[in-house]
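Quick notes on the structure that follows.
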Amino acid sequence: MTRLFFLLILTGLLFASCVPTKDLIYLQDKQQPGIEQAVNAIPSKPYRLQTNDILNITLKAIDQRLVEMFRAAENAQALNSEQSLYSQGYSVDDHGNIRIPVLGEVNVLGYTLEETRAKIEELLLRDYFKNEVDLFVNVKLAGFRYTINGEVAAPGSKLLFQDKVNIMEAIANAGDITITGDRKSVVVMRQFPSGTEMHTIDLTDSKSMQSPYYHLQPNDYIYVKPLPQKSWGTGTTGVQSLTTIISVLTLVTTTLLILTR
């Protein structure tokens, strides 16, 4: 009976300490067999600028000498480095303004990129250029920035040179979630002018692609929680758990033998 008792405890600990395969697979179809799952398009809202955003603003005209003073942002884009973008891009200050040659301070807080482009173009044509110059204005974010922390291989702040990023791409760029990371409870924190919102996504469920938080926005913060197996310290695979448990039982048996002599 004692041996059976210890065997049951060993088996229970072995299975409880392992991470099931179903907890490691992304975007599983958890619908019942035979039930078709409708794919609903999630409307993607345009990003609205916030403080500390950095913009690349490029101007082109038939006579390039007219836009010479605006070439700093173009040089930063050509260098394609985060340091250059930070030092030479147009930063949105705490009041929501950017400083542009000739125009001075222009408020862009809460504007979309397209609205910002139209506003800058209108001001330049009104105060500096003429319609005959065929002015072309392009406004982009100086990279897609986000921060990821917790159970990922490479946590920290990331910068991607693309316009749109979903949470799967962001996690892949951070080296993927570790085996002790909880894929069923990934937290996304998002800044809004009214405050911060926090949302939890189950990345093992394919329905997570319908979440408005599946597609990230610049300056999002992602946190991956640890599984209980990490705090137990018994291993993450069956072999690791079995090795740990055998080591503990061996230590206990040796201690009992020494004490009974």
Side-chain angles (χ1 to χ4, degrees), residues 44-129 133-149 154-167 169-174 188-196 215-222:
S44 179
K45 296 182 180 180
Y47 176 67
R48 298 193 173 272
L49 296 176
Q50 303 179 32
T51 58
N52 300 320
D53 281 339
I54 300 177
L55 301 179
N56 274 341
I57 303 176
T58 57
L59 274 70
K60 295 181 180 180
I62 295 177
D63 188 350
Q64 290 298 309
R65 293 174 299 178
L66 297 175
V67 295
E68 190 68 32
M69 67 180 67
F70 300 96
R71 291 295 180 87
E74 292 187 14
N75 293 336
Q77 186 176 9
L79 290 174
N80 201 27
S81 68
E82 185 174 359
Q83 183 178 358
S84 298
L85 292 171
Y86 177 77
S87 61
Q88 299 188 46
Y90 295 92
S91 179
V92 183
D93 63 21
D94 293 337
H95 301 287
N97 299 322
I98 55 175
R99 290 180 57 84
I100 302 178
V102 178
L103 298 180
E105 291 188 348
V106 178
N107 189 274
V108 297
L109 184 65
Y111 283 66
T112 65
L113 294 177
E114 178 58 28
E115 291 170 347
T116 302
R117 182 205 63 76
K119 182 176 184 179
I120 294 173
E121 184 175 313
E122 179 185 358
L123 292 174
L124 286 172
L125 289 174
R126 186 191 69 186
D127 300 337
Y128 185 71
F129 295 102
V133 300
D134 289 333
L135 180 66
F136 176 81
V137 180
N138 187 28
V139 179
K140 284 190 174 184
L141 284 171
F144 193 105
R145 302 167 188 272
Y146 70 95
T147 301
I148 186 167
N149 202 2
S157 296
K158 309 294 181 181
L159 177 65
L160 298 178
F161 294 100
Q162 57 191 76
D163 293 331
K164 296 182 180 180
V165 178
N166 62 50
I167 193 170
E169 292 174 317
I171 289 173
N173 189 60
V188 178
M189 298 176 62
R190 182 166 295 171
Q191 296 288 338
F192 292 95
S194 58
T196 303
H215 294 280
L216 299 181
Q217 290 191 4
N219 305 312
D220 278 355
Y221 179 89
I222 305 170

message: Do Y221 and T196 have side chains that approach each other closer than 4.5 Å (heavy atoms only, starting at C-beta)?
response: no
Gap separating the CZ atom of R48 from the CD atom of Q217, nearest 0.5 angstrom: 10.5 Å
Within 6.0 Å of CG in D94, more than 12 heavy atoms from elsewhere: no
- prompt: Between Y90 and I100, what is the shortest heavy-atom contact and its length?
  reply: CE2-CA, 4.2 Å
- prompt: If you round to the nearest 0.5 Å, how far is CD1 of I222 from CG of N149?
  reply: 10.5 Å
- prompt: Looking only at heavy atoms, which two atoms of I148 and A174 are closest? And how far apart?
  reply: CG2-CB, 3.7 Å
statement: Residues at least two apart in sequence or cross-chain that pass salt bridge (charged side-chain N to carboxylate O under 4.0 Å, His left out) with D53, listed by chain then number, are none
query: At what distance, to the nearest 0.5 angstrom, does CG of D134 lie from NZ of K60?
result: 14.0 Å
- prompt: From N173 CG over to Y146 OH, what is the distance, rounded to the nearest 0.5 angstrom?
  reply: 4.0 Å
query: So do F129 and L59 actually touch side chain to side chain, heavy atoms under 4.5 Å?
result: yes
statement: Output for pair (H215 NE2, I167 CD1), nearest 0.5 Å, gives 11.0 Å
message: Return the OG1 to CG distance between T147 and D220, rounded to the nearest 0.5 Å.
response: 9.5 Å
task: Would you tell me whether N219 and Y47 have side-chain atoms, one donor and one acceptor, within less than 3.5 Å of each other?
output: yes
- request: Could you please spell out the steps behind the side chain to side chain contact (heavy atoms under 4.5 Å, CB included) verdict for L216 and F144?
  value: CA-CA 9 Å; L216 299 181; F144 193 105; 3.9 Å; yes
message: Taking the side chain as everything from C-beta on, heavy atoms only, tell me whether T58 gets closer than 4.5 Å to V67.
response: no
message: Which residue is it: L141, V139, T112? I am looking for the one with a side chain to side chain contact (heavy atoms under 4.5 Å, CB included) to L49.
response: L141
query: Under 3.5 Å, is there a donor-acceptor pair between the side chain of N107 and the main chain of H95?
result: yes
- prompt: Does E122 come within less than 4.0 Å of K119, counting only side-chain N to carboxylate O?
  reply: no
- prompt: Is K164 close to E169 at the side-chain level, that is, under 4.5 Å between some pair of heavy atoms?
  reply: no
